[in-house]
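Down below is the structure, laid out as structure tokens.
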Amino acid sequence: MGSISCAWASRALVLLTLISRVLGDAVNRTIDDSLGDSVTGQRPTYLPETPGVWEDETCGAGCFIQPDRSLAFDGTWTAATYKPSNGVGNVSLSFNFHGTAIYIFFILANNQPNATTKTECNFTLDGAVVGNYSHSPTSSLDLEYNVTVFSKTGLLNQDHTFQIGATGTDDVFINFDYAIYTFENDQDNSTPTRASSESSGTSDPSPLAGSSTSSESSGTSDPSPLAGSSTSSKQTTSTGAIVGGVVSGIVLSVTLVVFLLWRKRRRSQNTIAM
Ligand SMILES: *[C@@H]1O[C@H](CO)[C@@H](O)[C@H](O)[C@H]1NC(C)=O
Ligand SMILES: *[C@@H]1O[C@H](CO)[C@@H](O)[C@H](O)[C@H]1NC(C)=O
Ligand SMILES: *[C@@H]1O[C@H](CO)[C@@H](O)[C@H](O)[C@H]1NC(C)=O
Ligand SMILES: *[C@@H]1O[C@H](CO)[C@@H](O)[C@H](O)[C@H]1NC(C)=O
Ligand SMILES: *[C@@H]1O[C@H](CO)[C@@H](O)[C@H](O)[C@H]1NC(C)=O
Ligand SMILES: *[C@@H]1O[C@H](CO)[C@@H](O)[C@H](O)[C@H]1NC(C)=O
């Protein structure tokens, strides 16, 4: 009994190591408000383009809120004061990214003479509102930098659109400094259709699927636990052959092995407890 668990555990370990090598590590990339995506260079879009709505760090006396450039990411920011009464309409910024997680960073203002300093906005991912943020100014004169106002992980590894917008009835201040997204290598970069074929097996087309693992496994016919583990033992002996191949199969096998191990463990613990 114990020796079987041990063999399974070492098998799972070998597979996990193999998978992290094959998939490559997840890396964070940044999207600066002004300089854009650290890899593609793509810049966010700011609407409306009406002069004086969105202003950056080059704004002089016309901007009441003057952050410290040395404390801002890349020394830049882009900010707007949304005032429904001035008739320019909704304000928004948007950008695209390809990845599995997104983090948004603002600069917040507090007590600034004659300026709107309340920050409030809605976040829209792939066309659906996924959150909002609200900061009520304190009496402090200090600005706050690097504030994470939104984050979401567990996204499908594909293209996403993200929008930050203000549409309400209150005057609000939005200062976008930068975003971080987590980029993960697709198994094979030369075949970009792979990611979509993996997810096409699922009934849920939502880009917000809780985890890509669940959608991958639901799209694959479910092998019996025994078939799963015998496949995996073959795979460990022919590493080279599978590197280019069935990663989703491995993921499934490991998930199964780990699950079975866990269940087995729990069962034996239960038995001991009784
Ligand atoms: C990416 O950045 C976020 C926010 O700083 C952090 O929580 C996360 O661990 C980072 N992920 C990677 C893969 O570095
Ligand atoms: C905010 O983060 C950026 C990048 O990590 C850093 O350059 C900057 O100094 C930070 N600012 C503050 C106030 O922590
Ligand atoms: C704020 O507005 C008041 C009244 O309009 C004005 O007297 C004052 O100088 C302004 N303060 C700043 C810092 O602009
Ligand atoms: C903000 O999000 C919360 C849930 O996180 C929701 O309950 C609330 O209604 C939202 N507020 C607005 C103004 O959309
Ligand atoms: C966010 O969306 C809600 C629901 O549409 C809206 O009531 C609210 O005013 C929005 N907030 C901002 C700051 O645009
Ligand atoms: C502003 O946003 C609101 C809420 O999303 C929407 O109903 C309205 O049509 C928008 N106005 C314009 C001019 O786009």
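Order of appearance sets the numbers: ligands from 1, and atoms from 1 within every ligand.
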For ligand 5, which atoms sit closer than 4.0 Å to a heavy atom of [X]?
| X | answer |
| --- | --- |
| Gly168 | 9 (O), 12 (C), 14 (O) |
| Cys121 | 13 (C) |
| Ala166 | 14 (O) |

Q) Is any N or O atom of Thr167, backbone or side chain, closer than 3.5 Å to an N or O atom of ligand 6? A)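 Between Thr167 and ligand 6 (N or O atoms, distance only) the closest approach is not under 3.5 Å.
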(Q) For ligand 5 and Thr169, I'd like to know whether there is a polar contact (N/O to N/O, distance under 3.5 Å). (A)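 Checking ligand 5 against Thr169, no N or O pair falls under 3.5 Å apart.
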Q) Polar-atom distance check: Asn122 versus ligand 5, any N or O pair below 3.5 Å? A)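 Yes, there is a polar N/O contact under 3.5 Å.
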Main-chain N/O of [Y] paired with [X] side-chain donor or acceptor, under 3.5 Å:
| X | Y | result |
| --- | --- | --- |
| Asn110 | Asp142 | yes |
| Arg43 | Ser34 | yes |
| Glu120 | Asp170 | no |
| Thr40 | Gln42 | yes |

Q.
Pairing donors with acceptors under 3.5 angstrom, does anything connect the side chains of Tyr46 and Asp33?
A.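 No.
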Q | Side chains of Thr76 and Asp74, donor plus acceptor under 3.5 Å | A |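 Their side chains do not contain a donor-acceptor pair, so the 3.5 Å distance test is not met.
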Q. Which residue and non-hydrogen atom of the protein lie closest to atom 1 (C) of ligand 6, and at what distance in Å?
A.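 The closest heavy atom on the protein side is Asn90 ND2, 1.5 Å.
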Q. Please state which protein non-hydrogen atom is closest to atom 10 (C) of ligand 4 and give its distance, to 0.1 Å?
A.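 Scanning the protein heavy atoms, the shortest distance from atom 10 (C) of ligand 4 goes to Asn132 ND2, 2.4 Å.
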Is [atom] in close reach of the protein, with a heavy atom under 4.0 Å away?
| atom | value |
| --- | --- |
| atom 14 (O) of ligand 6 | yes |
| atom 8 (C) of ligand 6 | yes |
| atom 5 (O) of ligand 4 | no |

Q: Report yes if the side chains of Thr45 and Leu47 come closer than 4.5 Å at any heavy-atom pair, otherwise no.
A: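 They are in contact (side-chain heavy atoms under 4.5 Å apart), so the answer is yes.
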Q: Please work out which of the three classes, parallel, tilted or perpendicular, describes the rings of Tyr178 and Phe73, given edges at 30° and 60°.
A: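 The arrangement is parallel - the two ring planes meet at less than 30°.
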